[in-house]
Each structure stands twice: as C-alpha cells, then as structure tokens.
Amino acid sequence: MKKISIAIDGHSSTGKSTLARQLAKSLGYVYIDSGAMYRAVALYAMENGLIGETLDEAGLVGHLQALELGFKLNPETGRSEIQLNGENVEKQIRTIEVSRYVSEVAAIPEVREKLVRLQQAMGAEKGVVMDGRDIGTVVLPGAELKLFMTAAPETRAARRYKELLDRGESVTFEEVLRNVRHRDHLDSTRATSPLTRADDAIRLDNSDMGLKEQYERVRSLADRILNAKK
Ligand code: DC
C-alpha cells in the first residue's frame, strides 16, 4: 500500500503534536516529535552545568558526540517517548525551565546538524508523521504533505498555560505569553534553519478551529494524496 511522509511545522503551542499523533494513529504511521529531541539536549545542558548565567555553547558542542537520543515505546502510555542516554526523560523535558532555554540550544548549528541527521534517518522510510520547525524545509523536503500551523499568540499562550497548570507548575499567564513571544522571535530569526513556511506547505491557522474539524480537514488532504494515481 502507498505510504507518504507528513511534515508538520509551525509556531509553538499550535497543537502540532496533537494533530501529528492523531494522524499517525489513524494511518498506522510512526510519529516523531523532533522538538522533544531539542528539549532533551537543553535538559542535558541544564543537568551538566552548561547553563549558568549564559549557555556554554562550546562546552555543549564538546559533549554532543557522547549524547545519545532516541524514542522508545512506553507500554504504560502507549506512546513513543524520548530517551536521553538510555533514560526516559519525556516528563523532565516539558517544564518551563527547559522551554526557557531550548530555543538557544536549538540555534546552535552543530546541535541542529546532529539532530537533523538523526531525524532524516528516522524518516528515511515513508509512513512517518514528523513535527517541528524545519521538517518541511530541511529534514524531509520531499514529504508529500506539508503543513504550517499557526494561531494567535494569546490563543497559544492560553493553551500552554492550561497545560502547565494541569501539570502542577506555578506560572502566570503573562510569563507564558512572554515565553511564547520570545520563542517565536528566536525561532524565526535564528541564522540556521529559521522557522519559515515551505513554499509547498499548506497554512493552517487554528485560532478558531476545533480539534475534530482540524483533524478531518488534514486527514482528507492526506487521503487525497494517498488515493491519487501513481
Ligand atoms: O515543539 P517544541 O516546543 O517542543 O520545540 C522545542 C524547541 O525546539 C522550540 O523552541 C523550537 C525548537 N525546534 C527546532 O528548532 N526545530 C525543530 N525541528 C523542532 C523544535
């Protein structure tokens, strides 16, 4: 049966991973959360004293070779979860602390080089849904379906705020909104692979779109490609 690759890029907290998971599940594809890999590198830097007043870039680059990243199915959650040097760090990478530093870590060319290589290897076979910032432009430029997701910063901050509160973190809405705007800025202005829409990516603004409507719309786009001749 014909299989395709699906690349989902866009701003933070636009629900990329929710959509990517739904698609992967319904199509029987593998879901790869590329952001989790950048978060794991940021966590590593935090845990190894490489983030103080500033990020020790050269120090982190020196550690990169020894850093092992991958995904492994967690039977308890039924999800494939990020592993850093053999340890499941899925929970630790979702804190506001990691969110604060991850854009800086993701701006380091050597970090991107290493992660892009790993992601391309994971996506070498069709039948993957990968989400991130540069999937349609750099990692899987040949993906048959590319989406670029966006939503108003306030909408995104409200979603993220709720998630963090549910997880028991103590943050204010303003702090989260500031973080969303800050990350947008860093993600779109960095020199290496800035967040941009691939020319052939479909723009999806979900500020006023329910999850079901969004899923159905994208699933029908995928079906159209899957059912096309050749
Ligand atoms: O999607 P996320 O919020 O988990 O991503 C975390 C950070 O990693 C975010 O600041 C952008 C960066 N990132 C990236 O630069 N390239 C990717 N392919 C995925 C994420």
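For ligands, and for the atoms within them, numbers begin at 1 and follow the listed sequence. Starting from 1, each residue takes its place in the sequence as its number.
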Please could you name the atoms of ligand 1 that [X] approaches to less than 4.0 Å, counting only its heavy atoms?
X: Asp187; answer: 9 (C), 10 (O), 11 (C)
X: Asp134; answer: 16 (N), 17 (C), 18 (N)
X: Arg112; answer: 14 (C), 15 (O), 16 (N)
X: Gly35; answer: 4 (O), 5 (O), 19 (C), 20 (C)

Closest approach of any protein heavy atom to [atom], naming residue and atom:
atom: atom 12 (C) of ligand 1; result: Ala106 CB, 3.9 Å
atom: atom 10 (O) of ligand 1; result: Ser103 OG, 3.0 Å
atom: atom 8 (O) of ligand 1; result: Tyr38 CB, 3.6 Å
atom: atom 19 (C) of ligand 1; result: Ser34 OG, 3.3 Å
atom: atom 3 (O) of ligand 1; result: Arg183 NH1, 3.0 Å

Go through the steps to decide whether Thr77 and Glu81 satisfy the test side chain to side chain donor-acceptor pair (under 3.5 Å), and finish with yes or no.
CA-CA 9 Å; Thr77 58; Glu81 298 182 346; 2.8 Å; yes
For a quick test of reading the model, state the closest non-hydrogen atom pair linking Gly132 to Ile135 and the distance between them.
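Gly132 and Ile135 have their closest heavy atoms at N-CG1, 3.6 Å.
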Taking all heavy atoms of Leu186 and all of Ser103, pick out the closest pair and write down the distance.
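Answer, listing the atom of Leu186 first, then Ser103: CD1-CB, 3.5 Å.
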Before you tell me yes or no, could you show the steps for Arg39 and Ser99 under side chain to side chain donor-acceptor pair (under 3.5 Å), namely the whole-Å CA-CA distance, both residues' side-chain angles and the distance that decides it to 0.1 Å?
CA-CA 7 Å; Arg39 286 171 177 274; Ser99 298; 3.3 Å; yes
Under 3.5 Å between some N or O of ligand 1 and some N or O of [X]?
X: Gln119; value: no
X: Ser12; value: no
X: Asp33; value: no
X: Arg190; value: yes

Are side-chain heavy atoms of Ser193 and Thr137 found at a separation under 4.5 Å?
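Answer no - side chains too far apart.
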So, do Asp9 and Lys146 sit near enough that their side-chain heavy atoms are less than 4.5 Å apart?
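No, too far: nothing below the 4.5 Å cut-off.
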Could you state the interatomic distance from OH (Tyr101) to CG (Leu50), rounded to the nearest 0.5 Å?
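Tyr101 atom OH to Leu50 atom CG measures 12.5 Å (nearest 0.5 Å).
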Nearest-0.5 Å distance, CG of residue Asp33 to NZ of residue Lys16
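Atom-to-atom, Asp33:CG and Lys16:NZ are 9.0 Å apart.
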Can you check which of Arg133, Arg94, Arg39 brings a heavy atom nearest to atom 1 (O) of ligand 1?
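Selected option, by shortest heavy-atom distance: Arg133.
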Among Asp184, Asp187, Thr150, whose side-chain hydrogen bond (donor to acceptor under 3.5 Å, both in side chains) with His11 holds?
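In the set Asp184, Asp187, Thr150, the residue that makes a side-chain hydrogen bond (donor to acceptor under 3.5 Å, both in side chains) with His11 is Thr150.
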